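Treat the numbers as computed from the prediction; the structure is a model and nothing was measured. Every heavy atom of this structure was used, including side-chain atoms; hydrogens, water molecules and symmetry mates were not. Residues take their numbers from the sequence shown, with the count starting at 1.
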Amino acid sequence: MEYHNPVLLKETVEGLNIKPDGIYVDVTFGGGGHSKEILKHLGSNGKLFAFDQDKDALLNTIDDERFTLINENFRYLKRFLRFYGAKQVDGVLADFGVSSHQFDVAERGFSTRFEADLDMRMNQDDRLSAYHVINDYEEEQIRKVLFQYGELRQAPAMANAIIETRRDGEIKTSKQLKTALKRFLNHKKENKVLAQIYQAIRIEVNQEIEALKEFLQQTPEVLVKGGRLSMISYHSLEDRLVKRFIRNGLFEGEPERDVFGNFEVPLKKVGGLIIPTQEEVAQNNRARSAKLRIAEKL
């Protein structure tokens with residue numbers, strides 16, 4: 001089984017505009033596909049750091065003196081780059097979302113296809129799992145998770161159904177969760193709704209939105225002038241944050257303007273939105289929702 005088939009491989013790495021002697025970071029290492037491609041463009045004096053919080057990804061480490069794999073969440077980007085003596089870098093690549101490996105290993109609990117314990121932790125050492133979200137959260141907390149991160153209009157009723165099911169015992173498995181929510185899973189839209197439910201729980205478990213915001217806020221300081229950011233998002237919540245941060249350096253509201261109506265931003269976009277070709281989607285179905293945005297440090 002292939003660990004992960006990297007999406008938009010050529011376009012994402014080209015977006016970094018790699019200098020042979022530069023320092024680069026792949027903050028979502030996974031199976032190492034993007035990292036291996038970056039290394040092909042680096043000379044003997046180049047350097048690549050990679051981050052991945054999933055211990056399974058450590059098995060894919062690359063035997064190359066130019067390469068360092070850091071077993072941490074990318075929300076700690078600046079801290080660990082400084083620990084390794086790299087205060088600023090020439091480019092950062094991010095492929096957000098879940099790896100093929102995480103989806104395909106049933107016991108990790110990420111996929112709607114398998115019967116499994118409720119888990120969904122990208123970092124297996126974290127305390128919070130899908131089990132805790134479903135069994136320990138109050139009804140209002142569950143509603144908020146489903147509505148904000150799954151964009152589910154029936155979130156209040158779904159949260160109530162989970163609470164009612166809990167009265168008869170813990171909800172431990174994906175099958176039990178589906179049974180609790182079965183009235184919301186009509187045959188025509190079952191897969192779509194389940195995907196939204198799983199996405200919402202997974203984002204909460206892994207604090208994905210908070211981690212993304214923290215990561216983005218560090219990038220202007222981490223990048224050298226002219227350094228590049230190349231980022232792939234897979235759902236509207238991620239892409240909206242990436243797009244807004246590139247545009248005005250904020251996640252909400254508007255930046256302060258001077259008397260002439262101008263405002264300073266840390267980044268500028270490079271080119272337009274890039275999406276996979278029909279051929280790539282046909283070869284890798286998980287590429288269908290990918291959106292690549294590239295930015296440069298001003």
Side-chain angles (χ1 to χ4, degrees), residues 6-29 34-35 37-38 40-42 46-51 74-82 86-97 208-277 280 287 289-298:
V7 175
L8 292 166
L9 177 62
K10 177 174 177 287
E11 296 86 345
T12 310
V13 174
E14 283 184 351
L16 293 174
N17 194 27
I18 293 175
K19 299 184 293 187
D21 60 348
I23 302 173
Y24 294 87
V25 190
D26 176 359
V27 298
T28 48
F29 178 69
H34 286 114
S35 284
E37 188 65 22
I38 291 171
K40 290 178 184 177
H41 293 76
L42 291 178
K47 182 68 179 174
L48 173 63
F49 295 95
F51 283 70
F74 56 63
R75 71 194 306 172
Y76 307 121
L77 175 68
K78 185 171 71 172
R79 179 194 304 179
F80 281 92
L81 286 181
R82 289 196 171 190
K87 291 185 177 180
Q88 286 191 303
V89 301
D90 296 284
V92 178
L93 181 149
D95 181 2
F96 304 122
E208 291 177 39
I209 298 302
E210 292 87 349
L212 174 58
K213 287 180 177 179
E214 291 175 23
F215 161 73
L216 288 170
Q217 288 170 329
Q218 293 172 62
T219 55
E221 187 176 349
V222 165
L223 288 168
V224 299
K225 184 177 181 180
R228 292 282 187 92
L229 260 179
S230 192
M231 299 175 287
I232 305 172
S233 303
Y234 291 89
H235 56 76
S236 59
L237 299 174
E238 288 174 341
D239 186 57
R240 202 176 300 139
L241 291 173
V242 169
K243 183 179 179 180
R244 284 186 62 86
F245 192 78
I246 291 173
R247 187 175 67 209
N248 58 26
L250 299 171
F251 301 119
E252 56 187 31
E254 294 297 325
E256 292 186 16
R257 299 174 183 267
D258 62 22
V259 293
F260 303 104
N262 301 314
F263 61 90
E264 292 186 2
V265 292
L267 304 169
K268 70 172 181 179
K269 72 174 184 176
V270 176
L273 176 68
I274 300 171
I275 60 174
T277 63
E280 180 169 3
S289 56
K291 294 180 178 180
L292 169 61
R293 297 186 188 276
I294 301 165
E296 185 173 293
K297 166 77 175 294
L298 290 170

Rounded to the nearest 0.5 Å, the CD atom of Glu296 sits from the CG atom of Asn17 at a distance of 7.5 Å
Below 3.5 Å, can you tabulate the donor-acceptor pairs from side chains in residues 235-242 to any protein atom, sequence neighbours excluded?
{"from": "His235", "atom 1": "ND1", "to": "Leu237", "atom 2": "N", "distance (Å)": "3.3"}
{"from": "His235", "atom 1": "ND1", "to": "Glu238", "atom 2": "N", "distance (Å)": "3.4"}
{"from": "Ser236", "atom 1": "OG", "to": "Glu151", "atom 2": "OE1", "distance (Å)": "3.2"}
{"from": "Ser236", "atom 1": "OG", "to": "Arg240", "atom 2": "NH2", "distance (Å)": "3.4"}
{"from": "Glu238", "atom 1": "OE1", "to": "Tyr234", "atom 2": "N", "distance (Å)": "2.9"}
{"from": "Asp239", "atom 1": "OD1", "to": "Arg293", "atom 2": "NE", "distance (Å)": "2.7"}
{"from": "Asp239", "atom 1": "OD2", "to": "Arg293", "atom 2": "NH2", "distance (Å)": "3.0"}

Mind listing the closest non-hydrogen atom pair of Ala94 and Val27 along with its distance? CB-CG2, 3.5 Å
Could you tell me which residues satisfy side chain to side chain contact (heavy atoms under 4.5 Å, CB included) with Glu14, sequence neighbours excluded, listed by chain and number? Lys10
Checking His34, Arg228, Met231 against Leu93 for side chain to side chain contact (heavy atoms under 4.5 Å, CB included), the one that qualifies is His34
Quick one: closest heavy-atom pair of Val7 and Pro276, and the distance? CG1-CG, 4.3 Å
Among residues at least two apart in sequence or on other chains, which ones pass side chain to side chain donor-acceptor pair (under 3.5 Å) with Arg244? none
Ring-plane angle category for Phe51 and Phe80, please: parallel below 30°, perpendicular beyond 60°, tilted otherwise. perpendicular
Going by side chain to side chain contact (heavy atoms under 4.5 Å, CB included), name the residues that satisfy it together with Thr28, two or more places apart in sequence or in a different chain. Asp26, Phe74, Asp95
By side chain to side chain contact (heavy atoms under 4.5 Å, CB included) - contacts of Glu11 (at least two apart): Leu8, Ile274, Leu292
Approximate separation, where rounding is to 0.5 Å, of Leu42 CG and Leu48 CG: 6.5 Å
Set of side chain to side chain donor-acceptor pair (under 3.5 Å) partners for Gln218, sequence neighbours left out: none
Which pairs count as salt bridge (Lys or Arg N to Asp or Glu O under 4.0 Å) when at least one residue sits in residues 210-219, sequence neighbours excluded? Arg75-Glu214
Side-chain atoms of residues 260-271: list all donor-acceptor pairs with protein atoms under 3.5 Å, sequence neighbours left out, distances to 0.1 Å.
none

For Glu280, check salt bridge (Lys or Arg N to Asp or Glu O under 4.0 Å) against everything at least two apart and list the hits. none
Report the residues that fulfil side chain to side chain donor-acceptor pair (under 3.5 Å) with Lys78, sequence neighbours left out, ordered by chain and then residue number. Glu221
Between Pro255 and Leu250, the two heavy atoms sitting closest are N-CD1, 3.5 Å
Any Val89 side-chain heavy atom under 4.5 Å of Leu223 side chain: yes
Side chains of Phe215 and Phe96: does their closest heavy-atom pair fall under 4.5 Å? yes
Would you please name every residue forming a ring-ring contact (aromatic ring centres under 6.0 Å, His included) with Tyr24, sequence neighbours left out? none
Partners meeting side chain to side chain donor-acceptor pair (under 3.5 Å) with Gln217 (sequence neighbours left out): none
When rounded to the nearest 0.5 angstrom, what is the spacing between CG in Leu212 and CZ in Phe245? 10.0 Å
Lys291 atom NZ: more than 12 heavy-atom contacts under 6.0 Å: no
